[in-house]
Amino acid sequence: MLLTAFLQDLLTTGSITLSSQPASFEAADLAAAESLLQDYHAEDCLNLPYTAPAFEAAAALWAVQYLYHAAVLAVVRELDEAAIATYLPEYKGEPTPAAHYSADLSLRYLPDLLQLAQGLAPADALVAHLRRTAGQWPLSFVGHEPADADAEAILLAHPALRGAYLDRIIAAHDRARASQPHLAPLVQAALGAHGAQLWPDFHLFTSPA
């Protein structure tokens, strides 16, 4: 039950145990991981404004396997681009709000791994792959890679995901995002009367010249 143990450790202690090579997961392991992710979704929903998107098992399971294999590939440096393509496939489903939120349950841990991989080998093929993934899943990568416009539009069109996205931008003080013309007024509205406390210099880089 490699994947289930990995997920349990990640969610409870923040430490993880990996195999020495990428792995294929048994059906029972995937089913148990799905159950854990569904419970995590139900708990995490309580922190979102408005009504959270529904749990989408396919996206959640894709993301946790992606995270697991990305961690293995970051450690096992001799694996090549063929292994990256095999074990880190793109999500094949529709990128719905439910998919974005369900994938984020695991992908929110990926920025730390990307930073680790960049530190080890900034020009590595794994780093380039993870950076592309970051653009496709912007809810999970606030404060890091630029967002793909279409992916970001999905977040902004959904009230709960828009609120979560803006909250993360504020928490990370993500100037690159907050200064964009389509996001600056949304961030300003989200700050409301608490701007001076939450982001004291926000007006310095968003006010018209």
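Along the sequence shown, the residues carry numbers beginning at 1.
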**OP:** Measure the CG-NE2 distance between L46 and H41 for me, rounded to the nearest 0.5 Å.
**Re:** 10.5 Å

Original post:
Sequence neighbours excluded, which residues qualify as side-chain contact (heavy atoms from CB on, under 4.5 Å) partners of A160?
Top reply: L48, Y50, P53, H158

**OP:** Check whether more than 12 heavy atoms from other residues, nucleotides or ligands sit under 6.0 Å from atom CD of E43, and answer yes or no.
**Re:** no

**OP:** Search all heavy atoms of G163 against all heavy atoms of P49 and return the closest pair with its distance.
**Re:** CA-CG, 4.0 Å

**OP:** Tell me, please, which residues at least two apart from T96 pass side chain to side chain donor-acceptor pair (under 3.5 Å).
**Re:** E56

**OP:** List the atom of E81, the atom of A125, and the distance in Å for their closest heavy-atom pair.
**Re:** CG-CB, 3.6 Å

**OP:** Provide the closest heavy-atom pair for P181 versus P185 in the form atom of the first, atom of the second, distance.
**Re:** O-CD, 3.1 Å

**OP:** Any chance you could lay out the side chain to side chain contact (heavy atoms under 4.5 Å, CB included) test for L126 and L88, step after step, and finish with the verdict?
**Re:** CA-CA 9 Å; L126 176 62; L88 300 180; 3.6 Å; yes

Original post:
Are side-chain heavy atoms of H173 and L198 found at a separation under 4.5 Å?
Top reply: no

Original post:
At their closest point, which heavy atom of A178 faces which heavy atom of W199, and how far apart are they?
Top reply: CB-CH2, 3.5 Å

**OP:** Under the salt bridge (charged side-chain N to carboxylate O under 4.0 Å, His left out) rule, collect the residues that match up with R177, sequence neighbours excluded.
**Re:** D174

Subject >> All salt bridge (charged side-chain N to carboxylate O under 4.0 Å, His left out) counterparts of D201, not counting sequence neighbours >> reply: R175

**OP:** Only pairs at least two apart or in different chains count here, so list each side-chain hydrogen bond (donor to acceptor under 3.5 Å, both in side chains) that has a residue in residues 67-76.
**Re:** S19-Y68

Subject >> Separation between SG of C45 and OH of Y101, rounded to the nearest 0.5 Å >> reply: 4.0 Å

**OP:** Under the side chain to side chain donor-acceptor pair (under 3.5 Å) rule, collect the residues that match up with R168, sequence neighbours excluded.
**Re:** D104

Under 3.5 Å, which donor-acceptor pairs do the side chains of residues 31-39 form with other protein atoms, sequence neighbours left out?
none

Subject >> Under 3.5 Å: donor-acceptor pair, side chain of D148, backbone of G135 >> reply: no

Subject >> Pairwise distance CD1(I154) to CH2(W137) - rounded to 0.5 angstrom >> reply: 8.5 Å

**OP:** Test T133 against Y66 for side-chain hydrogen bond (donor to acceptor under 3.5 Å, both in side chains), laying out the working first.
**Re:** CA-CA 10 Å; T133 298; Y66 189 104; 2.5 Å; yes

**OP:** Applying salt bridge (charged side-chain N to carboxylate O under 4.0 Å, His left out), name anything that partners E145, two or more places apart in sequence or on another chain.
**Re:** R131

**OP:** Give, for atom CG of L186 and atom CD1 of I169, the distance between the pair rounded to the nearest 0.5 Å.
**Re:** 8.5 Å

Original post:
What pair of heavy atoms forms the shortest contact from L155 to L139, and how long is it?
Top reply: CD1-N, 3.6 Å

**OP:** Using side-chain contact (heavy atoms from CB on, under 4.5 Å) as the criterion, list what pairs up with H182, not counting sequence neighbours.
**Re:** E152, L156, Q180

**OP:** For R132, enumerate each residue passing the salt bridge (charged side-chain N to carboxylate O under 4.0 Å, His left out) test, keeping only those at least two apart in sequence or located in another chain.
**Re:** none

Original post:
Rounded to the nearest 0.5 Å, how far apart are CG of L107 and OH of Y91?
Top reply: 11.5 Å

Subject >> Non-neighbouring partners of S106 that pass side chain to side chain donor-acceptor pair (under 3.5 Å), sequence neighbours left out >> reply: none

**OP:** Could you go through the side chain to side chain contact (heavy atoms under 4.5 Å, CB included) check for D44 and R108 one step at a time?
**Re:** CA-CA 12 Å; D44 197 72; R108 64 182 62 172; 3.0 Å; yes

**OP:** Supply the atom-to-atom distance Y87 OH to H129 NE2, rounded to the nearest 0.5 angstrom.
**Re:** 14.0 Å

Original post:
Does the side chain of L110 come within less than 4.5 Å of S140's, by heavy atoms?
Top reply: no

**OP:** Please name all residues satisfying side chain to side chain donor-acceptor pair (under 3.5 Å) with S24, sequence neighbours left out, ordered by chain then number.
**Re:** none

Subject >> Exam field: side chain S102 to backbone F55, donor-acceptor pair closer than 3.5 Å >> reply: no

**OP:** Go through L10 and L67 one step at a time and tell me if the side chain to side chain contact (heavy atoms under 4.5 Å, CB included) criterion holds.
**Re:** CA-CA 11 Å; L10 181 68; L67 177 64; 3.6 Å; yes

Subject >> Note, I170 side chain near F202 side chain (heavy atom, < 4.5 Å) >> reply: no

Original post:
Which pair of heavy atoms, one from L113 and one from A74, lies closest together, and at what distance?
Top reply: CD1-CB, 3.8 Å

